[in-house]
Q: 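Just dropping this structure here.
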Amino acid sequence: MIQLDKQYEPGEVEKRWGRFWEEKNFFHADETSESSAFSIVIPPPNITGRLHIGHAFNNTLQDILTRWKRMQGFNALWQPGTDHAGIATQNVVEKQLHQEGTTRQDLGRENFVKRVWKWRSESGGTIISQLKKLGCSLDWERDRFTMDEGLSKAVREVFVTLYEEGLIYKGDYIINWCPRCHTALSDLEVEYQETQGNLYHLKYPIKESDGFLVIATTRPETMLGDTAVAVNPDDERYQGYKGKKLILPVLNREIPLIEDGYVDTAFGTGALKVTPAHDPNDFELGQRHQLETVNVMNPDGTMNSLAGPDYEGLDRFECRKKLVHDLKDSGVLEKIEDLTHSVGHCYRCRTVVEPYLSKQWFVKAKPLAEPALKAVRDGSIKIVPKFWENTYFEWMENIRDWCISRQIWWGHQIPAWNCKACGKVIVSRETPDNCPDCSATDLVQETDVLDTWFSSALWPFSTLGWPEKTETLKRFYPTSVLCTGFDILFFWVARMIMMGLKFMGDVPFRDVYIHALIRDAEGQKMSKTKGNVIDPLEVMEQYGTDALRFTLAAFAAQGRDIKLAEDRIEGYRNFCNKLWNASRFVFMNLEDYKGSCALEEKSNLSNADRWILSRLNRASKEVNEALEAFRFNDAALTVYKFIWNEYCDWYIELTKSKLTGSGPERKAAQNVLIHVLDSALKLLHPFMPFITEEIWQKLPQDGKSIMVSEFPEYRESQTDEAVEKEMEVIMEIITGIRNIRGEMNLNPGLKLKALIRTQNTEIQKTLKEHGEYIRELARVEQLETGSNIEKPKVAASSVLGEMDLIVPLEGMMDFREERNRVEKELKKIEKDLIFLDKKLSNPNFVKKAPAEVIEKDELRKASLSEKQAKLEIHLKTIEQGLC
RNA sequence: GGGCGGGUAGCUCAGUUGGGAGAGCACCGGCCUUACAAGCCGGGGGUCACAGGUUCGAGCCCUGUUCCGCCUACCA
């Protein structure tokens with residue numbers, strides 16, 4: 001006989017089954033299999049990453065889908081992998097070097113890259129082992145890394161193709177520059193933050209005049225690169241200044257006054273200093289007016305020689321300070337105003353980003369975006385929840401060219417070479433030996449690497465083998481679902497769609513499920529600096545992995561952020577224990593059981609048996625439907641309620657008396673008990689893989705693992721409405737008696753008598769046949785049913801639908817308690833009747849509402865009135881008793 | 001500036017086509033009823049942010065207000 005401990009201890013169990021699944025290779029998807037495919041690619045975590053609660057959430061959802069589909073018989077592939085995370089990883093290794101008192105420049109490029117690979121092999125696997133701990137059924141055999149040979153080949157292929165088609169170009173543009181990371185960033189990689197700043201008003205003298213123009217700026221240090229001042233041609237204040245020259249203070253450079261409609265007359269003074277090399281708008285102004293560009297900064301954010309001898313070498317913010325001080329002294333500074341404006345920060349290191357003019361590589365986005373827009377518009381790709389589609393459209397319609405070059409060393413080096421001899425740019429899939437134009441062999445490869453997101457954009461097909469035409473690719477592309485947070489909708493999702501359509505000629509996935517962000521209990525974004533992070537590993541340690549997973553699923557309602565409350569996790573830990581103990585009960589009653597989990601002899605089934613089977617069937621339906629629609633919370637809650645409120649609270653209790661016998665009833669009960677447990681475990685398995693496997697393995701089944709067993713499906717023939725109705729009546733009476741017991745403060749152990757008066761012969765029949773349920777669960781020693789039952793003088797009474805429940809209480813009734821109880825009930829009824837009366841006496845309601853609604857309310861009114869009358873009579877007898 | 005999401009019980013949240021609101025936790029009362037005190041039984045608790053509108057009827061649909069959060073933008 002199998003015995004379980006009194007409490008479920010997750011730690012050891014999780015380790016054991018985690019190892020088991022991996023050893024048995026159950027996570028592996030076979031590309032030669034004939035079953036229909038289901039595939040998901042993991043959003044590749046950074047190799048620098050450690051599992052945070054967002055990962056836990058994201059991957060739990062994917063694992064639920066994968067395990068569910070796998071159990072449904074699909075050839076399910078969940079494709080694992082990691083991202084090389086260019087800037088982030090380089091930062092980590094540079095920090096290490098810094099501690100060792102050296103720099104990457106000291107090491108040189110080749111050695112530095114070697115060093116990063118070494119770091120990766122030593123520390124880059126952390127997140128992988130953490131995902132395993134979470135129970136993720138990823139096909140580890142297919143683990144990929146964005147810097148792998150195959151994926152790098154894909155990157156080259158894509159780059160060269162796009163270049164050849166004119167969709168990649170190189171040019172001098174203003175880009176976002178991080179002076180700390182020393183690299184360009186794409187527009188998306190800049191995070192704007194409302195910042196309290198200043199608006200400095202500066203006087204620019206007019207040449208050959210005593211007058212001056214006042215310009216306003218938030219970044220005075222950039223004035224050193226000014227090459228014009230612009231005003232709006234319609235601005236009356238400046239009508240007389242057309243064609244004038246201004247003298248740039250400090251540097252005393254002569255700059256023109258230009259007119260451009262871009263200038264907002266309402267902002268500041270209406271005069272705008274123009275710094276084409278340090279502001280994207282000014283850059284465009286500069287192009288329109290053929291202005292000079294003067295770049296006054298070094299790549300590290302210090303001022304260069306063009307900033308003049310007083311400021312050269314100063315950091316941009318020190319320069320600002322000194323400059324403001326100097327301008328004040330020289331009378332150039334008119335005033336300083338407070339101004340709240342948003343300032344861009346590097347998303348990797350939080351340094352203030354500098355708009356910076358430099359030579360970069362770009363992807364022309366518009367031609368790629370158009371088919372990507374269409375795919376979502378025509379439903380080839382469905383985004384869930386749907387409202388995210390608007391956000392997607394918005395961004396895609398206004399998409400700008402994507403700056404893909406990064407001035408770092410860790411990443412895919414751009415496959416372009418410059419011929420030293422003739423200057424030709426060679427972009428090639430293979431490393432060229434000599435220049436095709438001049439045959440020179442002195443070729444120097446572009447030093448820049450590609451944006452990490454460039455390789456991630458290819459993820460759904462590069463991981464499956466592309467550009468090779470592999471079986472895997474054929475079998476699993478397009479993938480079924482992409483499951484991710486909205487924060488990378490543009491970074492990643494949109495770009496995958498563009499690249500997938502471009503290079504595979506088909507969408508990369510059919511559905512995109514966008515889940516919420518996890519916040520702390522106060523609704524704050526979790527961050528290390530705030531110290532409000534919930535570490536999933538700690539939670540798993542404390543409550544068990546299954547409890548964490550279930551909590552996350554139960555919280556995953558669409559369209560709302562998740563405030564993770566720890567007491568919920570505790571609640572679902574308790575659920576594990578509940579399931580554990582229910583199973584314990586089942587096993588305790590199985591010593592003489594010879595059968596299997598399959599439903600055997602159906603003719604001996606009791607009403608309770610048939611009821612739970614019917615309920616199980618409904619639960620299976622709801623779970624499947626909910627998962628199909630990505631309603632994870634509904635699915636989780638359905639299983640929860642089925643197991644706790646139906647199987648444990650009712651079925652197990654109902655079954656106890658049957659188990660005490662030894663006849664066919666006992667055998668039937670055992671069979672149903674175990675069959676339903678088996679099915680319930682399967683329904684729960686995608687959410688709680690470990691505990692379900694642990695229990696399931698002890699069941700009399702001949703499968704290898706619950707994770708490759710068959711997921712319960714809805715079968716219409718198995719729903720038994722008649723039995724459900726009968727059992728409802730019985731449960732209603734049991735609850736009614738318990739209520740009287742509770743409200744009257746009667747000892748739970750006290751045996752009671754119960755009389756049920758009803759005119760309904762169906763109910764009478766049910767009660768005659770199945771009265772033992774009531775006797776056992778409500779602790780009733782004598783149960784009588786009939787149409788003309790007399791109520792004894794001393795009795796508590798309730799009206800339950802068509803039934804009058806009477807509990808004789810001779811010698812144990814407190815009349816005051818009973819009066820309170822009945823009065824409370826009557827009050828409720830009165831309130832409801834007033835409401836219904838009002839509604840039904842409204843001629844418009846009767847005229848316009850659908851007949852069935854009116855009928856329902858009329859029936860309700862009638863039964864409430866009847867109930868009221870009965871209770872009032874009862875109340876009178878109580879009051880007589882009180883006298 | 002534009003857009004999106006949200007405001008439901010003390011707390012965290014459900015509420016699928018409009019037919020007078022649910023769960024978990026917390027709370028109150030009673031129970032070691034031999035699976036489970038991480039449990040069992042019973043109970044109290046809500047002007048569904050506010051104001052209008054549509055409708056016989058609104059948590060749900062429309063308009064406005066307000067608060068919170070997020071996204072986005074060329075706020076010198």
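Chain letters run A, B, ... following the sequence lines, proteins first and then strands; every chain starts at 1. Model, not experiment: these values are computed from the prediction.
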Q: Check the phosphate of B:rG30 against A:N747, side-chain N and O only, distance under 4.0 Å to OP1 or OP2. Yes or no?
A: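 No, A:N747 has no side-chain N/O under 4.0 Å of OP1/OP2 on B:rG30.
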Q: Is there a side-chain contact between A:K6 and the phosphate of B:rA37, meaning an N or O under 4.0 Å from OP1 or OP2?
A: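 Indeed, a polar side-chain atom of A:K6 lies that close.
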Q: If only side-chain N and O atoms of A:N574 are considered, is one of them under 4.0 Å from the OP1 or OP2 phosphate oxygen of B:rG39?
A: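 For B:rG39, OP1 or OP2 has a side-chain N or O of A:N574 closer than 4.0 Å.
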Q: Classify the side-chain pair A:S798/A:R821 by whether it contains a donor and acceptor separated by less than 3.5 Å.
A: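 The criterion, which ignores hydrogens and geometry beyond distance, is satisfied for A:R821 and A:S798.
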Q: Look at the side chain of A:K656 and decide which nucleotide, out of B:rC56, B:rA35, B:rG20, has an atom nearest to it.
A: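 Among the listed nucleotides, the one closest to the side chain of A:K656 is B:rA35.
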Q: In whole Å, measure the gap between the P atoms of B:rA21 and B:rG59 for me.
A: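 To the nearest whole Å, 9 Å.
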Q: Are the charged groups of A:R816 and A:E823 less than 4.0 angstrom apart, N to O?
A: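 Salt bridge flag = no for A:E823 with A:R816.
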Q: Quickly, which of A:N198, A:L202, A:L333 forms a side chain to side chain contact (heavy atoms under 4.5 Å, CB included) with A:V324? Name it, please.
A: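 The residue from A:N198, A:L202, A:L333 that satisfies side chain to side chain contact (heavy atoms under 4.5 Å, CB included) with A:V324 turns out to be A:L333.
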Q: I want to verify a distance call: between B:rG20, B:rC75, B:rC56, whose nearest atom is closest to the A:K848 side chain?
A: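 Shortest atom-to-atom distance from the side chain points to B:rC56.
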Q: Please pick, from B:rC56, B:rC70, B:rG42, the nucleotide with the shortest atom-to-atom distance to any side-chain atom of A:A849.
A: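 Nearest listed nucleotide: B:rC56.
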Q: NA contact type, A:I652, heavy-atom cut-off 4.0 Å: base, sugar-phosphate, or nothing?
A: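 Answer is base: heavy atoms of A:I652 come under 4.0 Å of a base.
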Q: What side-chain donor-acceptor pairs closer than 3.5 Å can you find for residues 393-400 of chain A, not counting sequence neighbours?
A:
unit_1, atom_1, unit_2, atom_2, d
A:E397, OE2, A:R377, NH2, 2.5
A:N398, ND2, A:E394, O, 2.9

Q: Does A:R400 have a side-chain nitrogen or oxygen under 4.0 Å from the phosphate oxygens OP1 or OP2 of B:rA73?
A: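 Yes.
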Q: Tell me whether A:E776 is salt-bridged to A:K658, with the criterion being a basic N under 4.0 Å from an acidic carboxylate O.
A: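 Looking at A:K658 together with A:E776, the answer is no, because their closest N to O distance does not fall below 4.0 Å.
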Q: Counting any heavy atom closer than 4.0 Å, what does A:S342 reach on the DNA or RNA strands: base, sugar-phosphate only, or nothing?
A: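 Answer is base: heavy atoms of A:S342 come under 4.0 Å of a base.
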Q: Map every base of RNA chain B to its dot-bracket character, where paired means a Watson-Crick or G-U wobble contact with both distances under 3.5 Å and | marks a partner outside the strand.
A: (((((((..((((.....[..)))).(((((.......))))).....(((((..]....))))))))))))....
Q: Could you give the distance separating B:rG52 and B:rA58 at their C1' atoms, to the nearest angstrom?
A: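 Their C1' atoms lie roughly 13 Å apart.
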Q: For the residue pair A:Y347 / A:E189, report whether a side-chain donor-acceptor contact shorter than 3.5 Å exists.
A: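 Side-chain D/A pair, A:E189 to A:Y347: present.
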Q: Considering only atom C1', compute the distance from B:rC62 to B:rC25 and round it to an integer number of Å.
A: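 Roughly 37 Å separates the two C1' atoms.
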Q: Check every strand shown and say whether A:P843 touches a base, only sugar-phosphate, or nothing at a heavy-atom separation below 4.0 Å.
A: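 No contact at all - A:P843 keeps every heavy atom at 4.0 Å or more from the nucleic acid.
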Q: Between B:rC60 and B:rU55, how far apart are the two C1' atoms, rounded to whole Å?
A: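 To the nearest whole Å, 13 Å.
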Q: Would you please confirm or rule out a distance under 4.0 Å between OP1 or OP2 of B:rC4 and any side-chain N or O of A:K386?
A: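 No, outside the criterion.
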Q: Taking atom types as they are modelled, is there a donor-acceptor pair under 3.5 Å from the base of B:rA35 to the side chain of A:Q3?
A: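 No.
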Q: Take atom P in B:rC31 and the same atom in B:rC68, then report the distance between them in whole Å.
A: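 Here B:rC31 and B:rC68 have their P atoms 49 Å from each other.
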Q: Name the closest nucleotide to the A:P748 side chain, picking from B:rG43, B:rC31, B:rC36.
A: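 Between B:rG43, B:rC31, B:rC36, the one nearest the side chain of A:P748 would be B:rC31.
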Q: State which of B:rC74, B:rG19, B:rG5 makes the closest approach to the side chain of A:Y262.
A: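 The answer is B:rC74.
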Q: Kindly point out which of B:rC41, B:rG19, B:rA76 is positioned nearest to the side chain of A:V263?
A: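 Between B:rC41, B:rG19, B:rA76, the one nearest the side chain of A:V263 would be B:rA76.
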Q: By the 4.0 Å heavy-atom rule, please label A:R738 as base, sugar-phosphate, or nothing.
A: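 Sugar-phosphate only.
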Q: Among B:rU33, B:rU72, B:rC25, which nucleotide sits nearest the side chain of A:D567?
A: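 From the listed options, B:rC25 comes nearest.
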Q: Taking atom C1' in both B:rG15 and B:rG53, compute the distance separating them and give it to the nearest angstrom.
A: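 That atom pair is separated by 24 Å.
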Q: Determine the interatomic distance between P on B:rC11 and the same-named atom on B:rC27; round to the nearest Å.
A: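 Comparing P positions in B:rC11 and B:rC27 gives a spacing of 15 Å.
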Q: Does this structure show an ion pair linking A:R320 with A:E221, if we count only N-O contacts that are shorter than 4.0 Å?
A: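 Looking at A:R320 and A:E221, the cut-off is met.
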Q: Quick one: do A:R573 and A:E570 make a salt bridge, cutoff under 4.0 Å?
A: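 Counted as a salt bridge, because a side-chain N and a carboxylate O are separated by less than 4.0 Å.
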Q: Quick one: label A:E743 by what it contacts on the DNA or RNA (base, sugar-phosphate, nothing), any heavy atom closer than 4.0 Å.
A: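 The answer is sugar-phosphate, as A:E743 gets under 4.0 Å only of primed atoms, P, OP1 or OP2.
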Q: Report yes if at least one side-chain N or O of A:W388 is closer than 4.0 Å to OP1 or OP2 of B:rC70; otherwise report no.
A: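 So the side chain of A:W388 is outside the cut-off, no N or O lying under 4.0 Å from OP1 or OP2 of B:rC70.
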Q: So what does A:E570 hit on the nucleic acid, given a heavy-atom distance under 4.0 Å: a base, only sugar-phosphate, or nothing?
A: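 Touches nothing.
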Q: Between A:N633 and A:T217, just flag the one whose closest nucleotide in RNA chain B comes earlier from the 5' side.
A: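 First, find each residue's nearest nucleotide; the 5'-ward one identifies A:N633.
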Q: Give the nucleotide from the list B:rC75, B:rA35, B:rC56 with an atom nearest to the side chain of A:E194.
A: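 That would be B:rC75.
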Q: Contact class for A:D264 vs. all strands (heavy atom < 4.0 Å): base, sugar-phosphate, or nothing?
A: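 Result for A:D264 = base.
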Q: Kindly list each side-chain donor-acceptor pair under 3.5 angstrom involving residues 847-855 of chain A, sequence neighbours excluded, with atom names and distances?
A:
none

Q: Using a cut-off of 4.0 Å on non-hydrogen atoms, how would the nucleic acid contact of A:K828 be classed: base, sugar-phosphate, or nothing?
A: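 Sugar-phosphate, no base atom in range.
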Q: Measure from the side-chain heavy atoms of A:F490 and tell me the nearest of B:rA38, B:rA35, B:rC71.
A: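 Nearest listed nucleotide: B:rC71.
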Q: Starting at the 5' end of RNA chain B and moving along, which residue's nearest nucleotide shows up first, A:K824 or A:Y8?
A: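 Whichever sits nearer the 5' end wins; that is A:Y8.
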Q: From the list B:rC36, B:rC40, B:rA23, which nucleotide is the closest neighbour of the side chain of A:W644?
A: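 Of B:rC36, B:rC40, B:rA23, B:rC40 is nearest to the side chain of A:W644.
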Q: Under 4.0 Å between a side-chain N/O of A:K578 and OP1 or OP2 of B:rC40, yes or no?
A: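 A:K578 to B:rC40 OP1/OP2: side-chain N or O found under 4.0 Å.
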Q: Is it true that A:Y173 and A:D401 share a donor-acceptor pair across their side chains at a distance under 3.5 Å?
A: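 There is no such pair (donor and acceptor under 3.5 Å, judged by atom type) between the side chains of A:D401 and A:Y173.
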